[in-house]
Amino acid sequence: MHWEDNTPRIEPVRRVVTALKARGLDPGVVFDANVGWKLFGRYLGEGELGKMLNLPQDQVLVVPKGSPADPWLLTTARDYGAKIVTNDLFRDWAKTHPEVAQPGFLIHGGLSGDTVWLEGMPLPAGKDAP
């Protein structure tokens with residue numbers, strides 16, 4: 001959400017989801033409970049966020065109020081054998097989630113103009129980046 005000017009916006013998330021789909025992946029997104037308040041000044045659930053991201057509701061998780069998203073995200077990735085697209089290093093969680101130190105578990109990236117770049121995840125031949 002903070003990949004453009006460190007300001008929370010839904011568009012960077014949408015662009016990353018689109019970029020992951022272009023690579024043939026089936027992304028899921030985990031948000032803190034306050035995501036709707038940060039973006040639109042009201043609560044948003046999985047259904048509304050899923051529509052904004054063009055994802056089914058079951059691929060979006062808004063963690064319960066008062067719970068940090070990090071352990072939910074890390075546990076979900078571990079359970080599904082998934083990688084995490086983030087610029088966070090999760091240092092505070094390294095003891096309980098040692099996989100954060102494994103190369104390739106955390107995929108760092110960013111936005112450059114209209115292009116989404118993701119370390120170690122090139123686009124398949126013939127695909128255009130969103």
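Keep in mind that the numbers below use all heavy atoms, side chains included, and drop hydrogens, waters and symmetry copies. These numbers come from a predicted model, not from an experiment.
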Only one of Val16, Val100, Leu106 forms a side-chain contact (heavy atoms from CB on, under 4.5 Å) with Thr86, so which one is it?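 Of all the options given, the one that passes is Leu106.
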Counting distance only, does the side-chain N/O of [X] pair as donor-acceptor with the main-chain N or O of [Y] below 3.5 Å?
{"X": "Asp32", "Y": "Asn34", "result": "no"}
{"X": "Asn87", "Y": "Gly110", "result": "no"}
{"X": "Thr115", "Y": "Gly113", "result": "no"}
{"X": "Gln59", "Y": "Pro27", "result": "yes"}

If we only count heavy atoms from C-beta on, is the Leu74 to Ile84 side-chain gap below 4.5 Å? yes
If we only count heavy atoms from C-beta on, is the Arg23 to Leu118 side-chain gap below 4.5 Å? yes
Atom pair [atom1]/[atom2] of [X] and [Y] - distance to nearest 0.5 Å:
{"X": "Arg14", "Y": "Glu11", "atom1": "CZ", "atom2": "CD", "value": "4.5 Å"}
{"X": "Lys83", "Y": "Phe105", "atom1": "NZ", "atom2": "CZ", "value": "9.5 Å"}
{"X": "Trp72", "Y": "Leu61", "atom1": "CH2", "atom2": "CG", "value": "6.0 Å"}
{"X": "Leu73", "Y": "Phe90", "atom1": "CG", "atom2": "CZ", "value": "5.0 Å"}

Where do Lys38 and His2 land on the side chain to side chain contact (heavy atoms under 4.5 Å, CB included) test, with the steps shown first? CA-CA 11 Å; Lys38 282 185 170 186; His2 298 269; 4.1 Å; yes
By salt bridge (Lys or Arg N to Asp or Glu O under 4.0 Å), Arg42 pairs with (sequence neighbours left out) Glu48
Would you sort out whether Arg91 and Trp93 count as a side chain to side chain contact (heavy atoms under 4.5 Å, CB included), showing the intermediate values? CA-CA 5 Å; Arg91 288 187 181 117; Trp93 303 98; over 6 Å; no
Would you call Glu4 and Arg15 a salt bridge, taking side-chain N to carboxylate O under 4.0 Å as the test? yes
Mind checking whether Leu25 and Leu111 sit in one hydrophobic cluster, side chains of I, L, V, M, F, W, Y counted as touching below 4.5 Å?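 Linked within one cluster.
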What residues join Leu53 in its hydrophobic cluster, counting side-chain heavy atom gaps under 4.5 Å, either direct or through other members? Met1, Ile10, Val13, Val17, Val29, Phe31, Val35, Trp37, Leu39, Phe40, Tyr43, Leu44, Leu49, Met52, Leu55, Val60, Val62
The test is side chain to side chain contact (heavy atoms under 4.5 Å, CB included); show your working for Thr75 and His97 and say whether it passes. CA-CA 8 Å; Thr75 299; His97 297 277; 3.3 Å; yes
